[in-house]
Participant: 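What follows is a structure written as structure tokens; I'll ask about it next.
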Amino acid sequence: MKALIWGESKETLSEKLLAMGEKAFRATQILEWIYKRRASSFAEMSNLPVALRERLEETFDFEAAKLLTATAAGDDTEKLLLQMRDGALVECVILRAPQVVGDEPRSRKTVCISTQVGCPQGCKFCASGLAGWKRNLETGEIVAQLMTVCRLGAQKGDRGVRDTGFTDFDNIVVMGMGEPLLNYDNTLAALRIANAQWGLGVGGRRITISTSGVVPGIQKLAEEPLGFRLAISLHGASDTVREQIMPVNRKWPLAELLPAAKAFAEKHGRMITFEFILIAGINDSPEQARLLAKIARELHAHVNLIPYNTVEGLEWERPSGNRQMAFLKILQENAVPATLRREKGHNINAACGQLRLKNIKRES
Ligand code: SAH
Ligand code: SF4
């Protein structure tokens, strides 16, 4: 298979062009066509010699993915289902948060992207884990999710709040299917393209990576200069509870995960976020809330409580509204900055692997 042009950085593209006997500055021209002028073929690149355009056509694939469906879920969520060149299905979600900019109603657009086909982590509550793991996504396939969102936005004249004229969304969250820190190199390469001035120009603070707790990955990420934000899917405030639902905890228990998280926060001088899904009878007790408060205070972390979304084929359920509020209250009483995600709005998790799972079921 040909290489994906969306997977190339300025450096890798310059090197490849030099190896082809071309001038390195052509890379700048090509990337400008792709990310600033939003070309969708080499044929459009009118300032390149025709012979070079033909060679590029022979060397690279432009399209990494086909958009199969774009489904609105309520007013503020849109789920995209993409098919990769090998047929693999990948989802990507657009989330909108309404805002008023000046006199104009606009919405802040966040894109939630996937990094693997399925997920090897096998968390007991998660549809991505249920579907099993197939492969890592390539850099170009991760960037393809962002480019598809840009194209859709351009078609609809729907840009984000931060309308720079280039980017059509405001934030990126790596919270779709897969464990990003187990596909470290491709994920980071894609985010560098998203971040680069020659690329999509999305600032590091507008990019959040979520991990189930891959400690060596967190340590490596702490050394990256780009300042991406970190979210950790905790879901259990003690080893006993966490182990029950997240097999990763056996490999990296809290005694290893929490110091790595702390070191990350100290290095970056920014608050990290603990994601905590509330599952009835599993992790929603007052005792868990108190333990979580202690952990979060120690790390100066923000806690994002997410009522569990039921997954077809799994018996877990979300606690009652009262129990959710009681859990939140304990965090607040302990001065932990915490939010309880409402049904409406930031319902990222409805996306986590569930769309793909539905399609696989329909096909089989
Ligand atoms: N693998 C990474 C990135 C995916 S993030 C991680 O786990 O952090 C997806 C988030 O949605 C995670 O916090 C995950 O635990 C959560 N999630 C998965 N299934 C869910 C469900 N059914 N209901 C609510 N949250 C869920
Ligand atoms: Fe993978 Fe994250 Fe789902 Fe766990 S919660 S199975 S790590 S996608």
Side-chain angles (χ1 to χ4, degrees), residues 73 77 79 90-93 95 110-137 142 145 172-184 187 191 207-215 217-218 221 228-236 241-252 257 261 272-280 282-284 292 301-319 324 339-343 345-358:
T77 310
K79 299 182 189 183
V90 168
E91 64 191 18
C92 159
V93 180
L95 301 141
T110 298
V111 185
C112 172
I113 55 173
S114 296
T115 54
Q116 297 185 309
V117 184
C119 183
Q121 296 298 74
C123 300
K124 300 275 169 49
F125 49 82
C126 175
S128 298
L130 203 67
W133 183 76
K134 248 187 159 170
R135 66 175 176 86
N136 282 337
L137 287 178
I142 301 172
Q145 299 169 54
I172 299 174
V173 292
V174 188
M175 294 188 180
M177 195 177 13
E179 169 48 59
L181 300 186
L182 290 181
N183 184 14
Y184 191 95
T187 299
L191 294 178
I207 299 177
T208 303
I209 301 176
S210 177
T211 177
S212 57
V214 176
V215 168
I218 296 172
L221 194 63
F228 299 141
R229 290 180 189 273
L230 180 68
I232 294 178
S233 294
L234 201 63
H235 311 332
V241 169
R242 196 164 191 263
E243 222 166 81
Q244 231 184 311
I245 46 178
M246 299 184 76
V248 63
N249 197 72
R250 291 212 186 90
K251 201 160 185 183
W252 294 293
L257 175 58
I272 61 165
T273 300
F274 285 124
E275 307 277 343
F276 203 94
I277 35 176
L278 291 169
I279 311 178
I282 300 288
N283 62 2
D284 61 339
L292 177 58
H302 182 272
V303 173
N304 198 5
L305 298 175
I306 312 152
Y308 181 65
N309 271 307
T310 36
V311 173
E312 228 178 287
L314 297 180
E315 78 270 35
W316 316 97
E317 278 173 20
R318 63 173 54 176
Q324 293 174 27
T339 41
L340 174 63
R341 214 181 262 171
R342 301 270 158 211
E343 199 52 31
H346 297 205
N347 209 347
I348 292 175
N349 312 287
C352 186
Q354 293 178 25
L355 189 64
R356 172 173 170 268
L357 195 65
K358 245 197 212 146

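Excluded from the calculations below are hydrogen atoms, water molecules and symmetry mates; all remaining heavy atoms, backbone and side chain alike, are included. Whatever order the structure lists them in is the order used to number ligands and atoms, beginning at 1.
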Participant: Does Glu275, backbone or side chain, put an N or O under 3.5 Å from an N or O of ligand 1?
Facilitator: no

Participant: For ligand 1, which part of Thr211 has a heavy atom less than 4.0 Å away: the side chain, the backbone, both, or neither?
Facilitator: backbone

Participant: Answer with yes or no whether the side chains of Glu275 and Ser210 bring together a donor and an acceptor at under 3.5 Å.
Facilitator: no

Participant: Given Ile282 and Gln244, is the side chain to side chain contact (heavy atoms under 4.5 Å, CB included) satisfied, shown in steps?
Facilitator: CA-CA 9 Å; Ile282 300 288; Gln244 231 184 311; 4.1 Å; yes

Participant: Pick, from Leu278, Ile277, Thr273, Val214, the option with the minimum heavy-atom distance to atom 24 (C) of ligand 1.
Facilitator: Ile277

Participant: Can you find an N or O of Gly178 that's nearer than 3.5 Å to an N or O of ligand 1?
Facilitator: yes

Participant: So, for His235 and Phe274, is the gap between ring centers shorter than 6.0 Å?
Facilitator: no

Participant: In ligand 2, which numbered atoms sit nearer than 4.0 Å to a non-hydrogen atom of Gly178?
Facilitator: 8 (S)

Participant: Is Ala231 near ligand 1, meaning one of its heavy atoms is under 4.0 Å from it?
Facilitator: no

Participant: Under 4.0 Å, heavy-atom basis, I'd like to know which part of Gln121 is in contact with ligand 1: side chain, backbone, both or neither.
Facilitator: neither

Participant: State whether Cys123 contributes an N/O/S atom found under 2.8 Å from atom 3 (Fe) of ligand 2.
Facilitator: no

Participant: Which of the listed options, Pro120, Cys123, Ala127, Ser233, holds the heavy atom that is closest to atom 12 (C) of ligand 1?
Facilitator: Ser233

Participant: If we ignore angles and hydrogens, is there a donor and acceptor under 3.5 Å between the side chains of Asn183 and Thr115?
Facilitator: no

Participant: Using a 4.0 Å cutoff against the non-hydrogen atoms of Cys119, which atoms of ligand 2 qualify?
Facilitator: 1 (Fe), 6 (S), 7 (S), 8 (S)

